[in-house]
Engineer: 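Input: one structure, supplied below.
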Amino acid sequence: VADSPDVILKNGLNNRYRVLEVSVRQRNGSDPEKHLTITASPSLEDTELCILRNGWESVPVVPGDIVHLEGECSSGTWVISAQSGYLVLYPDLLLSGTTISSSIRCMRRAVLSERFRDSELGSPQMLIGTILHDIFQQAVTNDLTQEKVQELANKIVYGQKYLKEMYLLNLKQAQIMQEIEEYLPSFFKWAEDFMHNPANQNKMQLKLSNGGKTEDVSSKIEVVDILDIEENIWSPRFGLKGKIDVTARVKIHCQSGVQSRVMPLELKSGKESNSIEHRSQVILYTLMSLEQRVDPEAGFLLYLKTGTMYPVAGARMDRRELMKLRNHVAFYLTHSTYKSDVGRQNSQLAALPPVIDDSQTCKYCSQMHNCFLYSRAVEQKMASVAFPPALVPVIDRETQHLKPSHLEYFSLWYLMLTLELQSGEHKKGYKNIWMTPSLEREKAGDCVGNVIRVGEVHEVSEGQYLHCFQRRNGAIPGTNLLVGDRVVVSGEEKGLLGLATGYVREVSATKVSCLLGRNLSNFPKNTVFRLDHDEGDVGTGVPFKNLSKLMKDCPVSERLRNLIIDFQKPLFIQHLSSVLPPEAKETVANILKGLNKPQKQAMKQVLLSKDYTLIVGMPGTGKTTTICALVRILSACGFSVLLTSFTHTAVDNVLLKLAKFKVGFLRLGRAQKVHPDIQKHTEEEICRSRSIKSVTDLEEVYNSQPVVATSCMGVNHPIFAQKQFDFCIVDEASQISQLVCLGPLFCSKRFVLVGDHQQLPPLVLNTEARDLGMSESLFKRLEQNQNAVVQLTVQYRMNSKIMSLSNMLVYEGKLECGSEKVSNATVNLPNLKKLKLDLGDASKTWLKEVLDPDTPVCFLNTEKAGCKPSDIGIISPYRHQLKTITDLMAKWKESRVEVNTVDKYQGRDKSIIIVSFVRNSTDENLGSLLKDWRRLNVAITRAKHKLVMVGCVPSLCCYPPLEKLLCHLQSQAMISFFSIIHKCNIL
DNA sequence: ACTCTGCATAGAGGA
């Protein structure tokens, strides 16, 4: 935490102070105080003092922390006390209203829920609650008459919107409608009691300040206008976020006259408890509202079952206690790991907030499993953590199905995931939206600011609004925003953060259009917006969820634990006859005809497997063809198949091939991410074209195809909670993080991983996590069970010379060419003769040599030439190099040549590949990129006919993989020297 | 000593 370079310090509305020193002052007799030496200057010079008293001294603040202060500051001294001021710890970590209110009862649960976000399954009551919210919100903004509300309820319950959830919970629409109808009379009662109406006689106690003095009297409350529903507020002042069910203009008639205020209404469909949790939520909304408007001082709790409305005052005392609670939760979330002061600087997992000793509460807790798991695997080893004695046997009993190896796996992966999460937050995070002006952020290309909305807003489908934005003056600046990227729309003005989120639909020189989740047409025409690229915190929830699931006490998880953690030997049956139905024999035989020997072997191995098979797909060995054939064979045998990969593109690559055969499949995942030719197989498209409107129909769609395809992250889909597949195939498996790869395996009896661990591994940002082994894919881990491995060694991409490099480097000669044709293929250069004439000049003989089709592999040594490596290239390990090359190519108006990183080229090929290795110095600072055998292997196995590598031989010999390659090239006389080159205008 | 894919979200109630 101490020296994060990207911390922005400043004063003002979103002031950010760094805490330099913390001291506790105990004056005799009086309460203790905490004195903080703080600074808002980046040089850390101008310091101020912050005094915490009346309970604020309990805030767990330490030197190095970033805080936001609210309240009075006089002559460089802030006082945060019972009466005034707030200290907000880590204010850029926005916590939701529900997280904080749930932490009142159990902070441990609140913290666990942030990590294991999706572990809570949901219940019928929750779904009914969501639907009731929707109906009420729409009704209150349009029409609250009986007829209209009934119509609306029908439209929503019998519409498409909640079908998935109903399917997941096994509920029928009629059941839901029955429950909903019981609520509707209360809607009208509420409207009669509180909507603007002279006959309205309601009276309630409401405490509001009025010109300095506080009145505590009965007031008549009238809702005069609904300003917004589901208003999203991000408050970097208080470190809070949340969505307000209903934002209303309310008239309060009291003795001293009429007041008008904009206030939050919180809807509840459950028991009319008026509980502290419910009230706290409202109080937090009153605080968040300060971000946008004057203090509402109070809000309302509206219980939909009875139509009763309770006023909730946002009293100073309650706000203060809730903010302290928020600081504690923020502390635990930020300090989830620590480095011990003694010994090596290894990160360790910290204790969670203590377990509460309340069996009544724990009995119903949705985080119980994770709570006990963490106690057993992590905390029981800590001397500092004491458990309530009665709980120890409970924890042991609930985790007794886990072996020590499982607990170790859990704590190691929990640590690695946490470290990686922290790295991700550092790099991404939303805080730039409020801490960095759009103009500055535009330079990095992650933002387009200063735009206004133009044209009409179109509701493309339910809850999807197409907006168009134009720069206020001039063209849209150069940006990295691409079609399909996620964006956050905010107002440039303070307080209008995160107004909507959505996707980029189109980017041109003059406008950006986005599909947003909210309609922004109610904002004044002249509102100035900014669009920020939303990198979000994707992929953090899924692995935590899968880790938790792997530790469950159920047969599926137990089997996976045995196979994956304990390396139980995968089993195979003896004879194909027992799996191959007689009627499928001919079809299977026909499919096999089109395959080579190792591919056939792979098919056989999969069919015989009882647990899993690993298919090593070396470069160009026809992985897609093999997977396609495998799916065809499996479905011919009557098996159901779940087909997944890390990326949507890879899933669609197989599907595009599969679509040519008579194999039906269902494609899940966001239609926008799916290949146009596959669109018609997506759930979205099928439901639209067949206008699916009932749970039964949806179920039919889900069960209609024996093959289901989606990305590994997409396995949160409700279908996977209900269906079991016979086989699961995971493509690109060597590039998928272990726990992400695990997701689809929970719903399948057997699995097949396809990959090549000699190519690039999963990306891990955090170096410590990487050192702990986080980049080990499941494919790599299981590869030690050699009996489950089949290798595809016959390749159809590279000619023999190019292939030989990789064979020498990593594959130990196992790769072979699929045919003579492949082996001898050379590049076709129709204009070569003409070009050669032009190159008559003797100084350009090197170029002749390089271009000669009979020289498939060539390494250009730039040592003597002294030319800048940046003059030539197509693939490079470095982004900067690519930028230089792209700029040069643009100058020559050449945009057809694809310039990209090695990493991005994985999985693809071209006829000619030029690799620019860039480095031209022999100093000690070696980059780590070129030390990776796998990256080099990827780089040299992309070319089919001609591979030209450019680099400085002595410089590159410092890297072991390149040294081995260059040695080989030298022995084969494949290295040339540049003559004098100033310009290169080939291609 | 620089390589980068994934994805909706806070809150829906229950004690």
Side-chain angles (χ1 to χ4, degrees), chain A residues 94-99 101-102 105 113-114 117-118 120 122-134 162 165 230 232-234 240-245 266-271 273 275 277-278 281 305 358-366 424 427-428 463 484-486 488 498 500-503 516-517 534-543 645-650 669-670 672-673 711-714 716 732 735-737 740 743 760-765 767 876-882 900-906 919 923-930 932 934-935 938:
Chain A
L94 307 186
L95 296 179
S96 72
T98 39
T99 296
S101 56
S102 81
R105 201 175 272 266
S113 304
E114 287 283 309
R117 251 173 241 161
D118 284 321
E120 295 163 64
S123 64
Q125 291 93 327
M126 281 159 116
L127 176 57
I128 287 162
T130 308
I131 296 174
L132 280 167
H133 271 68
D134 199 352
Y162 297 102
E165 284 91 337
E230 293 286 308
N232 190 40
I233 299 190
W234 287 352
L240 297 175
K241 65 181 168 189
K243 288 186 178 177
I244 299 177
D245 284 338
E266 168 65 16
L267 312 180
K268 293 289 172 199
S269 57
K271 229 189 227 165
S273 63
S275 62
E277 281 90 342
H278 288 177
Q281 232 178 307
K305 211 171 217 162
D358 179 353
S359 56
Q360 270 311 103
T361 305
C362 296
K363 201 160 74 186
Y364 299 100
C365 179
S366 53
K427 274 198 110 163
K428 302 165 189 173
D485 279 353
R486 289 186 58 83
V488 180
T501 57
Y503 295 86
L516 304 176
D534 173 12
E535 286 157 302
D537 53 352
V538 275
T540 55
V542 169
S645 179
F646 192 36
T647 59
H648 290 289
T649 326
R670 280 199 61 83
Q672 269 195 327
K673 296 274 181 182
S711 80
C712 276
M713 300 281 213
N716 269 333
E732 296 184 319
Q735 283 181 85
I736 309 175
S737 181
V740 174
L760 288 164
L763 182 75
V764 177
L765 298 170
T767 44
S876 167
Y878 305 100
R879 277 247 154 249
H880 262 101
Q881 176 76 345
L882 300 177
N900 230 325
T901 54
V902 181
D903 301 56
K904 290 252 186 187
Y905 254 102
Q906 178 150 323
R919 304 200 67 93
D923 61 22
E924 302 277 294
N925 283 334
L926 299 178
S928 62
L929 291 193
L930 290 175
D932 197 319
R934 297 165 294 194
R935 183 167 284 105
V938 172

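Here is the naming used below: chain letters follow the sequence lines, and residue numbers restart at 1 for every chain.
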Engineer: Could you tell me how far apart L882(A) (CG) and dC2(B) (P) are, to the nearest whole angstrom?
Structural biologist: 12 Å

Engineer: What I'd like to find out is whether the side chain of E230(A) reaches to under 4.5 Å of the side chain of D245(A), using heavy atoms alone.
Structural biologist: yes

Engineer: Could you tell me whether the phosphate oxygens of dT9(B), OP1 or OP2, come under 4.0 Å of any side-chain nitrogen or oxygen in T501(A)?
Structural biologist: no

Engineer: Taking 4.0 Å as the cut-off, does a side-chain nitrogen or oxygen of H648(A) come that near to OP1 or OP2 on dC7(B)?
Structural biologist: yes

Engineer: I need the R934(A) CZ to D903(A) CG distance, nearest 0.5 Å.
Structural biologist: 11.0 Å

Engineer: Using only side-chain N and O atoms of R919(A), determine if any of them is under 4.0 Å from OP1 or OP2 of dA1(B).
Structural biologist: no

Engineer: Would one find a side-chain N or O of S928(A) under 4.0 angstrom from OP1 or OP2 of dT3(B)?
Structural biologist: no

Engineer: Roughly how many Å is it from CE in M126(A) to C1' in dT9(B), rounded to a whole number?
Structural biologist: 14 Å

Engineer: Taking the side chain as every heavy atom from C-beta outward, state whether V740(A) and P543(A) have any pair of such atoms under 4.5 Å apart.
Structural biologist: yes

Engineer: Check the phosphate of dA12(B) against K243(A), side-chain N and O only, distance under 4.0 Å to OP1 or OP2. Yes or no?
Structural biologist: no

Engineer: Just the rounded figure in Å: distance from P of dC4(B) to CZ of R934(A).
Structural biologist: 15 Å

Engineer: Taking only the side-chain heavy atoms of T901(A) (C-beta and beyond), determine which of dT3(B), dA15(B), dC7(B) contains the nearest atom.
Structural biologist: dT3(B)

Engineer: Quick check: do S113(A) and T99(A) have side-chain heavy atoms less than 4.5 Å from each other?
Structural biologist: no

Engineer: Between dG6(B), dA10(B), dG13(B), which one does the side chain of H133(A) approach most closely?
Structural biologist: dG13(B)

Engineer: Which part of the nucleic acid does N232(A) contact within heavy-atom distance under 4.0 Å: base, sugar-phosphate only, or nothing?
Structural biologist: nothing

Engineer: For T361(A) and dA15(B), is the shortest distance between a side-chain N/O and OP1 or OP2 below 4.0 Å?
Structural biologist: no

Engineer: Is K241(A) near enough to dA10(B) that one of its side-chain N or O atoms lies under 4.0 angstrom from OP1 or OP2?
Structural biologist: yes

Engineer: Take atom CG of L516(A) and atom P of dT9(B), then tell me their distance rounded to the nearest Å.
Structural biologist: 15 Å

Engineer: To the nearest 0.5 Å, what is the distance between SG on C365(A) and CD on Q360(A)?
Structural biologist: 13.0 Å

Engineer: Return the value, rounded to whole Å, for the distance between atom CG of L132(A) and atom P of dA12(B).
Structural biologist: 12 Å

Engineer: When we call it a touch if two heavy atoms are under 4.0 Å apart, what does L763(A) touch: a base, just sugar-phosphate, or nothing?
Structural biologist: base

Engineer: Quick check for you: among dC7(B), dA15(B), dA12(B), whose closest atom lies nearest to any side-chain atom of K271(A)?
Structural biologist: dA15(B)

Engineer: With a 3.5 Å distance limit and no angle check, can you tell me whether N232(A) reaches the backbone of G498(A) through a side-chain donor-acceptor pair?
Structural biologist: yes

Engineer: To the side chain of F646(A), which of dA8(B), dT5(B), dT3(B) is closest?
Structural biologist: dT5(B)

Engineer: Rounding to the closest angstrom, what is the interatomic distance between dC4(B) and dA8(B) at atom P?
Structural biologist: 23 Å

Engineer: Name the nucleic acid region contacted by S273(A), choosing base, sugar-phosphate or nothing; use a 4.0 angstrom heavy-atom cut-off, strictly under.
Structural biologist: nothing

Engineer: Just call it for S123(A): base, sugar-phosphate, or nothing, with non-hydrogen atoms closer than 4.0 Å on any strand.
Structural biologist: nothing

Engineer: What is the distance, to the nearest angstrom, from the CG atom on D534(A) to the P atom on dT9(B)?
Structural biologist: 8 Å

Engineer: Take atom NE2 of H278(A) and atom P of dA15(B), then tell me their distance rounded to the nearest Å.
Structural biologist: 12 Å

Engineer: Let me know, please, whether C365(A) or G97(A) comes out on the 5' side of the other along DNA chain B by nearest nucleotide.
Structural biologist: G97(A)

Engineer: Under 4.5 Å between any side-chain heavy atoms of R879(A) and K904(A), yes or no?
Structural biologist: yes

Engineer: Looking only at the side chain of S711(A) (C-beta and beyond, no hydrogens), which of the listed nucleotides dC7(B), dT5(B), dT3(B) gets closest?
Structural biologist: dC7(B)

Engineer: How would you label the contact of K363(A) with the nucleic acid (heavy atoms, under 4.0 Å): base, sugar-phosphate, or nothing?
Structural biologist: nothing

Engineer: Report the distance from atom CD1 of I244(A) to atom CD1 of I233(A), rounding to the nearest 0.5 Å.
Structural biologist: 3.5 Å

Engineer: Looking for any heavy atom pair under 4.0 Å, which part of the strands does R935(A) touch: base, sugar-phosphate only, or nothing?
Structural biologist: base

Engineer: Check the distance between dT5(B)'s P and R670(A)'s CZ and give it to me in whole angstrom.
Structural biologist: 18 Å

Engineer: Looking for any heavy atom pair under 4.0 Å, which part of the strands does E277(A) touch: base, sugar-phosphate only, or nothing?
Structural biologist: nothing

Engineer: Base, sugar-phosphate or nothing for T99(A)? Non-hydrogen atoms, less than 4.0 Å.
Structural biologist: nothing

Engineer: Return no unless some side-chain N or O of Y878(A) is found under 4.0 Å from OP1 or OP2 of dT3(B).
Structural biologist: no

Engineer: Q281(A) near the nucleic acid: base, sugar-phosphate alone, or nothing, with a heavy-atom cut-off under 4.0 Å?
Structural biologist: sugar-phosphate

Engineer: Check this one for me: any side-chain N or O of T98(A) less than 4.0 Å away from OP1 or OP2 of dG11(B)?
Structural biologist: yes

Engineer: Nearest to the side chain of S96(A) - dA12(B), dG11(B), dT5(B)?
Structural biologist: dG11(B)

